[in-house]
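So the structure is just underneath, and the comments pick up after that.
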Amino acid sequence: MTRTLITSALPYINGIKHLGNLVGSQLPADLYARYRRARGDEVMFVCATDEHGTPAELAAARAGQAVADYCAQMHEVQADLARRFGLSFDHFGRSSSPQNHRLTQHLAARLGAAGLIEVVEEEQVYSPADGRFLPDRYIEGTCPNCGYDKARGDQCEECTKQLEPTALIAPRSAISGATDLEVRKTRHLFLRQSALRDRLRDWITSKSDWPVLTTSIALKWLDDGDGLRDRGITRDLDWGIPAQFEGAPWEGMEGKVFYVWFDAPIEYISATAEWAEANGMSEKDWKRWWKTGEGAENVRYVQFMGKDNVPFHTLSFPATLMGSGEDWKLVDYIKSFNYLNYDGGQFSTSQGRGVFMDQALEILPADYWRWWLLSHAPENSDSEFTWENFQQSVNKDLADVLGNFVSRVTKFCRSRFGEEVPEGGENGPAEAALIAALAERLRAYEAHMDAIEIRKAASELRAIWVLGNEYLQEAAPWAAFKQDPARAAAIIRLALNLIRLYAVLSAPFIPEAAGRMLAAMQSADDSWPADVEAALQALAPGHGFRVPELLFAKISDEQREEWQQRFAGGRDA
RNA sequence: GGGCCUGUAGCUCAGUUGGUUAGAGCGGAGCGCUCAUAACGCUUUGGUCGCAGGUUCGAGUCCUGCCGGGCCUACCA
């Protein structure tokens with residue numbers, strides 16, 4: 001049996017994610033996970049909240065909560081939204097878990113023992129008023145280049161010039177506004193990625209099937225300037241995984257924690273360990289996914305992420321695993337995404353611009369969003385959400401093409417034959433042509449899903465739905481019924497079976513609606529069709545069914561305008 | 001500044017290693033059907049493939065330059 005390991009980039013803990021975040025990793029990862037399961041793979045699909053770092057501490061402070069409490073609460077909020085969006089994680093973990101503490105410290109110790117970690121002393125800006133060192137971004141001041149008074153310590157957004165925080169005129173803390181900033185010396189652990197440069201390059205260049213977006217970013221980092229730079233993997237923060245621990249091959253790291261980007265990807269592994277523990281399983285059960293000496297050698301590992309995550313997944317995380325000298329499974333395929341824009345601008349968490357996961361579900365069920373987002377996934381370039389486009393796609397694809405097909409078939413049968421699959425008649429040339437067309441499109445659909453070409457897969461699925469309407473038009477059971485009821489029975493028997501088949505094929509995209517279609521057909525057979533003709537005989541004459549409730553409601557112009565208005569002004573408006 | 005991606009019908013996008021009259025869906029127009037969520041089907045209308053050069057028997061596809069959009073540039077995550 002094929003075994004597929006799937007991870008989605010970890011959503012950061014500080015708030016509810018917007019639709020751009022969703023379509024950039026978790027949603028396509030779920031699509032693929034559902035598809036691989038349907039094809040019979042043994043699948044391990046893990047995700048988690050990414051809980052460490054400065055923004056989490058600040059968000060907790062704003063909420064007036066202890067960081068640990070804030071994270072615990074936000075984890076539940078995100079887990080609940082994930083469930084309601086149908087994200088079928090085998091486990092949704094937390095990067096703050098004890099498992100991740102243990103594994104992160106273990107890997108760090110291994111890297112230290114291998115001589116891949118060194119202690120570096122550097123100077124950083126410290127804010128006594130805030131009681132913390134400030135990352136460059138959290139220092140504001142006047143740009144020495146253009147005079148913009150809200151330039152950040154890493155870059156001036158006005159003139160785009162890159163800056164050193166010490167170059168700012170009249171620097172102040174972006175957190176408190178305090179101006180009594182001082183430069184202090186501090187010591188940190190650095191991961192000597194540069195020592196692994198050749199191994200990383202060999203590994204990356206061996207991945208000839210990766211998307212350009214993925215490899216070009218990785219190679220840029222490997223070759224830019226003096227080549228891959230070493231990277232600080234500790235921070236002066238309270239909340240995180242302690243960098244000083246028993247068995248650590250270094251000293252003087254008391255009060256420091258690992259950098260969030262060091263421990264976050266390790267959580268992919270730890271989340272699998274959490275899964276095993278939560279299900280009363282043993283270490284062996286999760287290691288067979290991650291240790292090539294313990295079963296993972298025949299696992300195919302696919303990662304999903306936005307393009308901003310690529311350097312960490314192609315370089316620093318592999319460097320961590322390679323450098324440990326242990327037999328950790330490295331990723332086989334990285335699917336990366338561009339950004340989804342919102343109505344002429346960017347989605348923005350900080351400005352509350354766009355539609356957020358909780359708001360989306362207040363308006364419409366998950367499948368509406370899943371379909372639009374996946375069929376417009378920003379695979380090759382940034383794409384844009386507009387309410388007009390959303391309304392048009394949902395109404396045409398889901399309500400008219402698929403929903404109406406289910407409706408016309410079931411209602412016609414109920415009124416002419418009653419609520420069971422009619423018997424009599426037999427397949428003719430029209431049915432043979434339909435089956436041939438379906439078989440061909442199914443092959444194309446599978447090929448696109450196998451290649452994780454999401455938009456192409458979506459358009460192929462839609463074309464499969466359209467085949468049903470074309471067939472009905474040509475076979476015209478309403479006309480046949482008058483002269484030859486047996487002929488009409490054969491047509492409608494096939495059409496009812498088509499509904500079941502569509503449920504199976506559509507489930508990765510629209511799982512909830514697919515479930516209702518299957519339930520209406522009163523069938524538990526959701527097996528992927530090996531043979532189209534056979535699959536279209538699953539519902540035998542006499543098998544009962546129900547006319548389902550409206551599968552997809554159309555979005556009215558009034559609704560569209562109302563939502564457009566409601567989301568025009570930002571989250572709190 | 002540097003690197004990468006991108007610019008194809010009104011809109012959203014396909015276009016394999018350069019190869020006959022550039023494709024799809026939506027939208028527009030017309031016709032048909034009447035089972036159905038005024039849904040469905042058929043036909044049809046849309047393009048100097050960002051601009052200018054070049055290579056070639058042949059360029060949407062390769063090269064150069066320019067213009068526009070986007071991302072990244074290592075302490076946000």
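Letters A, B, ... mirror the listed sequences (proteins, then strands); counts begin at 1.
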Inter-nucleotide [atom1] distance ([N], [M]), Å rounded:
| N | M | atom1 | answer |
| --- | --- | --- | --- |
| C63(B) | U17(B) | P | 13 Å |
| G54(B) | C13(B) | P | 33 Å |
| C72(B) | A77(B) | P | 15 Å |
| U64(B) | A59(B) | C1' | 15 Å |
| A9(B) | A14(B) | P | 13 Å |
| C42(B) | G47(B) | P | 23 Å |
| U61(B) | C26(B) | P | 29 Å |
| G28(B) | G18(B) | P | 40 Å |

Are [X] and [Y] within salt-bridge range, i.e. N to O under 4.0 Å?
| X | Y | answer |
| --- | --- | --- |
| Glu558(A) | Arg560(A) | no |
| Lys554(A) | Asp400(A) | yes |
| Arg197(A) | Asp223(A) | yes |
| Glu121(A) | Arg187(A) | no |
| Glu379(A) | Lys335(A) | yes |

Atom [atom1] of [X] and atom [atom2] of [N]: how far apart are they, to the nearest Å?
| X | N | atom1 | atom2 | answer |
| --- | --- | --- | --- | --- |
| Arg441(A) | A24(B) | CZ | P | 12 Å |
| Lys220(A) | C5(B) | NZ | C1' | 13 Å |
| Arg137(A) | C76(B) | CZ | P | 5 Å |
| Tyr339(A) | U6(B) | OH | P | 17 Å |
| Asp226(A) | U73(B) | CG | C1' | 14 Å |
| Lys307(A) | C76(B) | NZ | C1' | 17 Å |
| Lys482(A) | C33(B) | NZ | C1' | 11 Å |
| Ile217(A) | C5(B) | CD1 | P | 10 Å |

With a 3.5 Å cut-off and just heavy-atom distances, do the side chain of Glu474(A) and the base of C42(B) make a donor-acceptor pair?
->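 Under the 3.5 Å cut-off, the side chain and the base do not form any donor-acceptor pair.
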
Any N or O donor-acceptor pair linking the side chain of Trp221(A) to the base of A74(B) at under 3.5 Å?
->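 Donor-acceptor pair under 3.5 Å: no.
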
If only side-chain N and O atoms count, and only distance matters, is there a donor-acceptor pair under 3.5 Å linking [Y] with [X]?
| X | Y | value |
| --- | --- | --- |
| Arg94(A) | Asn100(A) | no |
| Gln559(A) | Glu561(A) | no |
| Ser25(A) | Asn21(A) | no |
| Glu51(A) | Thr49(A) | yes |

Contacts under 3.5 angstrom, residues 477-492 of chain A side chains, donor-acceptor by atom type, not counting sequence neighbours:
{"residue": "Asp484(A)", "atom": "OD1", "partner": "Ala486(A)", "partner atom": "N", "Å": "3.4"}
{"residue": "Asp484(A)", "atom": "OD1", "partner": "Arg487(A)", "partner atom": "N", "Å": "3.3"}
{"residue": "Arg487(A)", "atom": "NH1", "partner": "Glu426(A)", "partner atom": "O", "Å": "3.4"}
{"residue": "Arg487(A)", "atom": "NH1", "partner": "Glu431(A)", "partner atom": "OE1", "Å": "3.4"}
{"residue": "Arg487(A)", "atom": "NH1", "partner": "Glu431(A)", "partner atom": "OE2", "Å": "3.4"}
{"residue": "Arg487(A)", "atom": "NH2", "partner": "Glu431(A)", "partner atom": "OE1", "Å": "3.4"}
{"residue": "Arg487(A)", "atom": "NH2", "partner": "Glu431(A)", "partner atom": "OE2", "Å": "2.9"}

Would you mind listing every salt bridge (Lys or Arg N to Asp or Glu O under 4.0 Å) that reaches into residues 369-378 of chain A, with sequence neighbours excluded?
->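 Passing the test, one end in residues 369-378 of chain A: Asp30(A)-Arg370(A).
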
When we call it a touch if two heavy atoms are under 4.0 Å apart, what does [X] touch: a base, just sugar-phosphate, or nothing?
| X | result |
| --- | --- |
| Pro55(A) | sugar-phosphate |
| Glu460(A) | nothing |
| Asn395(A) | nothing |
| Thr410(A) | nothing |
| Leu10(A) | nothing |

Go through the structure and list residues passing salt bridge (charged side-chain N to carboxylate O under 4.0 Å, His left out) with Arg137(A), not counting sequence neighbours.
->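 Per chain and number, Arg137(A) pairs via salt bridge (charged side-chain N to carboxylate O under 4.0 Å, His left out) with Asp154(A).
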
Does a nitrogen or oxygen in the side chain of Arg152(A) sit under 4.0 Å from OP1 or OP2 of C76(B)?
->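 Answer is no, no contact under 4.0 Å.
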
Mind listing the N/O atom pairs, protein and nucleotides 37-40 of chain B, below 3.5 Å?
{"residue": "U37(B)", "atom": "OP1", "partner": "Lys411(A)", "partner atom": "NZ", "Å": "2.4"}
{"residue": "U37(B)", "atom": "N3", "partner": "Phe552(A)", "partner atom": "O", "Å": "2.6"}
{"residue": "U37(B)", "atom": "O4", "partner": "Phe552(A)", "partner atom": "N", "Å": "3.2"}
{"residue": "U37(B)", "atom": "O4", "partner": "Phe552(A)", "partner atom": "O", "Å": "3.2"}
{"residue": "A39(B)", "atom": "OP1", "partner": "Lys554(A)", "partner atom": "NZ", "Å": "3.2"}
{"residue": "A39(B)", "atom": "O5'", "partner": "Lys554(A)", "partner atom": "NZ", "Å": "3.0"}
{"residue": "A39(B)", "atom": "O2'", "partner": "Asn404(A)", "partner atom": "OD1", "Å": "3.4"}
{"residue": "A39(B)", "atom": "O2'", "partner": "Asn404(A)", "partner atom": "ND2", "Å": "2.5"}
{"residue": "C40(B)", "atom": "OP1", "partner": "Lys396(A)", "partner atom": "NZ", "Å": "3.0"}
{"residue": "C40(B)", "atom": "O2'", "partner": "Arg408(A)", "partner atom": "NH1", "Å": "3.0"}
{"residue": "C40(B)", "atom": "O2", "partner": "Gln473(A)", "partner atom": "OE1", "Å": "3.3"}

Hey, where does RNA chain B pair up into stems, meaning at least three consecutive Watson-Crick or G-U pairs with distances under 3.5 Å?
->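 In RNA chain B, stems of three or more pairs: B:1-7 with B:67-73, B:10-13 with B:23-26, B:28-32 with B:40-44, B:50-54 with B:62-66.
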
Aromatic centroids of Tyr268(A) and His313(A) separated by under 6.0 Å |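 So the answer is yes for these two rings.
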
Is the aromatic ring centre of Phe412(A) closer than 5.5 Å to the centre of the six-membered base ring of C35(B), with the two planes inclined by less than 30°?
->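 No; centroid distance or tilt outside limits.
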
Leu222(A) or Thr54(A): which one's nearest nucleotide on RNA chain B is closer to the 5' end?
->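 In this pair, the answer is Leu222(A).
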
Mark up nucleotides 12-17 of chain B, 5' to 3', with B wherever a protein heavy atom is under 4.0 angstrom from a base atom, S wherever such an atom reaches only the sugar-phosphate, and - elsewhere.
-> SSSS--

Answer yes or no on whether Lys307(A) is positioned over the face of Phe337(A), meaning its NZ or CZ is under 6.0 Å from the six-membered ring centre and within 45° of the axis.
->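 No, a cation-pi geometry is absent between Lys307(A) and Phe337(A).
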
